[in-house]
Peer 1: 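Dumping the structure here so I can ask a few things about it.
Since the model is a prediction, treat every value here as computed from it, not as a measurement. Note: hydrogens, waters and symmetry copies are ignored here, and every other heavy atom, side chains too, is used.
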Amino acid sequence: MERQDIEVFLALAEELHFARTAERLRLTPAAVSQSLKRVERRLGAPLFTRTTRRVDLTPLGSQFLADLAPAYGQVQAAIARAVAAGHGLIGDLRLGYMSAAVTGPLLALVDSFRAQTPDVSVSIQETTLADLYGPLRRAEVDLCVLPLPVAEPDLTTGPTLLSEAAALAVPTGHRLAQLDSITAADLGDEPFLFAQNLPRYWIDHHLPALAESVRTTSLAGFQEVLAYVVSGQGVAVVGAQADRLYPRPGLTCVLLADTAPFDYALTWRTETIPPLAKAFLTHAST
């Protein structure tokens, strides 16, 4: 029995309608009828009763469906696993992400990727702003969602998963906390707080109007930056969701006008990308 004949029978048993079955399988109604006749000749009895108003399974058709559907499902699953293994779509994929802001789109991608590659195990881990590129360079993760720009010769960026507006984190009682949005002219000589080890080009990208004069203080990580902001020791450029994702008393975030947004993109080691990581990138790009 041909594979197409099996698929026609299973689809018709579900749809109970020749035209819908033809549309679903991208065949003509005549081709569906011919396929069914071949199967019925092979079995020696009708599988469906047909009138001008309805199509129903015969007792033989119901029994054939009960026997065939699970077996065909197992065959399809075996083929899918073999194809996945042949294309390297089996094993463990390790994903990193920097910022809770990207967890929503990242987890949605992981769920849909798992549905297509059931033999792939996907693990995710949060990385730190103070060690932005370390997990990738140490091969602790295969892909990492990082804030742009990434101007590192050994790293390559791909699809952007999230773009959010930039905001300024200030103490709630700060003079800037009452504004609807903040421009470069509003900033004056405010000291800026950044996580340590951030490349200068990253700072200049987010504060282009102040690149020459901005005073910065480096701290151990993002949580420390927010703590220092609340204590009145400086301000910080953050994503617009920061006060919702990292809430703490005394913290206010005000949108920054005319400032580059925070874009987060999948990033990998330029010299090598595992097959699973490549498959995930392809999935993220579709």
Side-chain angles (χ1 to χ4, degrees), residues 1-95 103-124 142-143 145 158-159 161 266 268 272-286:
M1 190 175 295
E2 297 293 331
R3 176 177 176 177
Q4 179 174 298
D5 292 338
I6 295 173
E7 291 177 346
V8 166
F9 168 74
L10 293 174
L12 185 56
E14 184 176 330
E15 298 289 348
L16 295 177
H17 193 284
F18 278 78
R20 287 198 299 267
T21 299
E23 183 178 358
R24 172 172 160 179
L25 299 179
R26 297 183 180 180
L27 298 172
T28 64
V32 171
S33 295
Q34 291 166 7
S35 174
L36 179 60
K37 288 177 181 178
R38 283 195 297 271
V39 176
E40 290 179 331
R41 281 197 302 268
R42 174 78 177 274
L43 299 180
L47 296 171
F48 295 89
T49 59
R50 284 154 275 185
T51 68
T52 56
R53 294 190 174 184
R54 58 183 298 161
V55 176
D56 287 308
L57 284 161
T58 64
L60 175 63
S62 297
Q63 182 61 55
F64 189 47
L65 176 63
D67 293 339
L68 181 62
Y72 188 66
Q74 291 176 354
V75 171
Q76 292 294 87
I79 293 172
R81 286 194 295 270
V83 170
H87 288 81
L89 301 181
I90 191 168
D92 301 319
L93 175 63
R94 301 164 303 161
L95 303 177
T103 54
L106 178 60
L107 289 176
L109 268 179
V110 168
D111 286 345
S112 57
F113 183 69
R114 279 174 171 159
Q116 295 183 10
T117 55
D119 292 315
V120 175
S121 172
V122 183
S123 62
I124 64 171
D142 303 308
L143 291 168
V145 186
L161 297 193
L266 285 162
W268 62 93
T272 179
I273 178 168
L276 280 180
K278 186 177 294 186
F280 189 83
L281 284 170
T282 300
H283 179 73
S285 301
T286 57

Peer 1: Can you give me the closest heavy-atom contact between L60 and A45, atom names plus distance?
Peer 2: CD2-CB, 3.6 Å
Peer 1: With side chains defined as the heavy atoms from C-beta onward, is the minimum distance between T117 and H283 less than 4.5 Å?
Peer 2: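 Sidechains of H283 and T117: no contact.
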Peer 1: Would you name the heavy atoms of S112 and L109 that are closest together and state the gap between them?
Peer 2: OG-O, 3.0 Å
Peer 1: Exactly one of D56, V55, L57 should register a side chain to side chain contact (heavy atoms under 4.5 Å, CB included) with T49. Which one does?
Peer 2: D56
Peer 1: To the nearest 0.5 angstrom, please state how far the CG atom of L68 sits from the CG atom of L10.
Peer 2: 5.0 Å
Peer 1: Tell me the closest heavy-atom pair linking T272 and W268, and the distance in Å.
Peer 2: O-CD1, 4.4 Å
Peer 1: Tell me, do R54 and L16 make a side-chain contact under 4.5 Å, heavy atoms counted?
Peer 2: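 Sidechains of L16 and R54: no contact.
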Peer 1: Mind checking whether V39 and F64 have side chains closer than 4.5 Å, heavy atoms only?
Peer 2: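 Of all side-chain heavy-atom pairs linking F64 with V39, at least one is under 4.5 Å.
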Peer 1: I would like to know whether L95 and F280 meet side-chain contact (heavy atoms from CB on, under 4.5 Å); could you show each step before the answer?
Peer 2: CA-CA 10 Å; L95 303 177; F280 189 83; 3.8 Å; yes
Peer 1: Of all the heavy-atom pairs spanning P46 and T58, show the shortest one and how long it is.
Peer 2: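 Between these two residues, the closest heavy atoms are O-OG1, 3.0 Å.
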Peer 1: Looking only at heavy atoms, which two atoms of P159 and A284 are closest? And how far apart?
Peer 2: CG-CB, 4.4 Å
Peer 1: Using side-chain heavy atoms (C-beta onward) and a distance below 4.5 Å, is S35 in contact with R38?
Peer 2: yes
Peer 1: Quick check on side chain to side chain contact (heavy atoms under 4.5 Å, CB included): which of V122, L93, I273 does D142 satisfy it with?
Peer 2: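 Of all the options given, the one that passes is L93.
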Peer 1: So which pairs with a foot in residues 20-50 pass ring pair (Phe, Tyr, Trp, His ring centres under 6.0 Å), sequence neighbours left out?
Peer 2: F9-F48
Peer 1: Which pairs pass side-chain hydrogen bond (donor to acceptor under 3.5 Å, both in side chains) with one or both residues in residues 9-23, sequence neighbours excluded?
Peer 2: E14-R24, E15-R20, E15-R24
Peer 1: Rounded to the nearest 0.5 Å, what's the gap from CG on D5 to CD on Q34? Could you check?
Peer 2: 10.5 Å
Peer 1: What is the distance from atom CZ of R114 to atom CG of L107, rounded to the nearest 0.5 Å?
Peer 2: 8.5 Å
Peer 1: Quick one: CG on L266 to CG on L281, what's the gap to the nearest 0.5 Å?
Peer 2: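 So the gap between those two atoms works out to 5.5 Å.
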Peer 1: Nearest 0.5 Å please: distance from the CD1 atom of I124 over to the CZ atom of R94.
Peer 2: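 I124 CD1 to R94 CZ: 14.5 Å, rounded to 0.5 Å.
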Peer 1: Any chance you could measure L12, atom CG, to R50, atom CZ, to the nearest 0.5 Å?
Peer 2: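 Between L12 CG and R50 CZ, I get 8.0 Å after rounding to 0.5 Å.
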